[in-house]
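Note sheet for the following structure.
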Number of protein chains: 2
Amino acid sequence: MGNSKLYKGSLTTIILKLLEEQGKMYGYEITQKVKLLTKGELKITEGALYPALHKLEAEGLLDVEVAKVDNRLRKYYKLTEQGEEETVNRLAELEEFIRSMQNLVNPNWSIK
Amino acid sequence: MGNSKLYKGSLTTIILKLLEEQGKMYGYEITQKVKLLTKGELKITEGALYPALHKLEAEGLLDVEVAKVDNRLRKYYKLTEQGEEETVNRLAELEEFIRSMQNLVNPNWSIK
DNA sequence: TCTTATGCATAAGAATTCTATGTATTAAAT
DNA sequence: ATTTAATACATAGAATTCTTATGCATAAGA
């Protein structure tokens, strides 16, 4: 999660969520998408991303499909059925976490 | 951060914020306060808390003051000047992080 | 009297991430 | 034409953070 030191543990949730809405993505694409969506705030490093993808795959949450584009390798990942279920759970947990943090840190905020 | 699995890196920010608004607190008090404020959502374990406090102290962000109450030891921590500055920075980072995550995960939310 | 609550602490291990490095192709810049 | 940047994958070693387990000690409650 690059230079913006904060908050380990959110990477897999980000990956799952992106795959949920994009259908399928490859690693490099994920790093660029996150950079774009957060205006450079979060930078996913390759050393974090690829092991995370491999682990999610090993856990049965992702499927891989290899493609060759312009003679370059791409590994497209998509959610398995189990992955879709897990995504729902992780997002709910993340939302709870964010609410808790807001209560702790700035009770004036609220999510609408 | 106990059973509620999520998100390493937020503990020190929580500690700093609580000390900012409470003036001074001791370790056990922090665990109880967090449990209360988050309705049991976040449980800070001692194995995480005490090392974190020691580190913040070593970094010069906290000062300690030992007290004895009912023949039991208490170590009251409070922010140093440097700690107050750092708290402002960390809270700004946390807010940025939360906004980023919301953009990623649920663009329909917003903080008001 | 036994258990729970209060209050501190550390050690070993797990989990996650960062930094550095490696390979290879394509596109852009000099 | 050649160097650099971008694309695309990967892993190893170190650092950081947290969990689990354990330890000591006093006070309060069952």
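Per chain, numbering begins at 1; letters A, B, ... match sequence-line order.
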- Describe the nucleic acid contact of B/Lys55 in one word from base, sugar-phosphate, nothing, applying a heavy-atom distance below 4.0 Å. sugar-phosphate
- Query: When we call it a touch if two heavy atoms are under 4.0 Å apart, what does A/Glu29 touch: a base, just sugar-phosphate, or nothing?
  - Reply: nothing
- Distance test, side-chain N/O of B/His54 to OP1/OP2 of C/dT10, below 4.0 Å: yes
- Message: Heavy-atom nearest nucleotide on DNA chain C for B/Leu73 versus B/Gly47: which residue maps closer to 5'?
- Response: B/Leu73
- Item | Presence of B/Lys75 side-chain N/O under 4.0 Å of C/dA9 phosphate oxygens OP1/OP2 | yes
- Query: For D/dT19, does OP1 or OP2 lie under 4.0 Å from any side-chain N or O of B/Thr45?
  - Reply: yes
- Item | Check: A/Leu61 main-chain N/O paired with A/Thr80 side-chain donor or acceptor under 3.5 Å | yes
- Message: OP1 or OP2 of D/dA8 versus the side-chain N and O atoms of A/Tyr26: is any pair under 4.0 Å?
- Response: yes
For residues 30-39 of chain A, which side-chain N or O atoms pair as donor and acceptor with protein atoms under 3.5 Å away, sequence neighbours left out?
{"residue": "A/Thr31", "atom": "OG1", "partner": "A/Tyr28", "partner atom": "O", "Å": "2.6"}
{"residue": "A/Thr38", "atom": "OG1", "partner": "A/Val34", "partner atom": "O", "Å": "2.8"}
{"residue": "A/Thr38", "atom": "OG1", "partner": "A/Glu41", "partner atom": "N", "Å": "3.4"}
{"residue": "A/Thr38", "atom": "OG1", "partner": "A/Leu42", "partner atom": "N", "Å": "3.1"}

- Item | Ionic contact status for A/Glu93 with A/Arg90, cut-off 4.0 Å | no
- State the pairing partner of C/dT25; accept Watson-Crick or G-U wobble contacts with both distances under 3.5 Å, and report none otherwise. D/dA6
- Query: For C/dC8, does either OP1 or OP2 sit under 4.0 Å from a side-chain N or O belonging to B/Tyr50?
  - Reply: yes
- Just to confirm, is there a sub-4.0 Å distance from OP1 or OP2 of D/dA27 to any side-chain nitrogen or oxygen of B/Asn71? yes
- Message: Any base atoms under 4.0 Å from B/Arg72, or only sugar-phosphate, or nothing? Heavy atoms, all strands.
- Response: base
- Item | Closest-nucleotide ordering on DNA chain C, the 5'-leading residue of B/Tyr77 and B/Gln32 | B/Gln32
- Query: Can you get from B/Val64 to B/Leu79 by hopping between Ile, Leu, Val, Met, Phe, Trp and Tyr side chains that sit under 4.5 Å apart?
  - Reply: yes
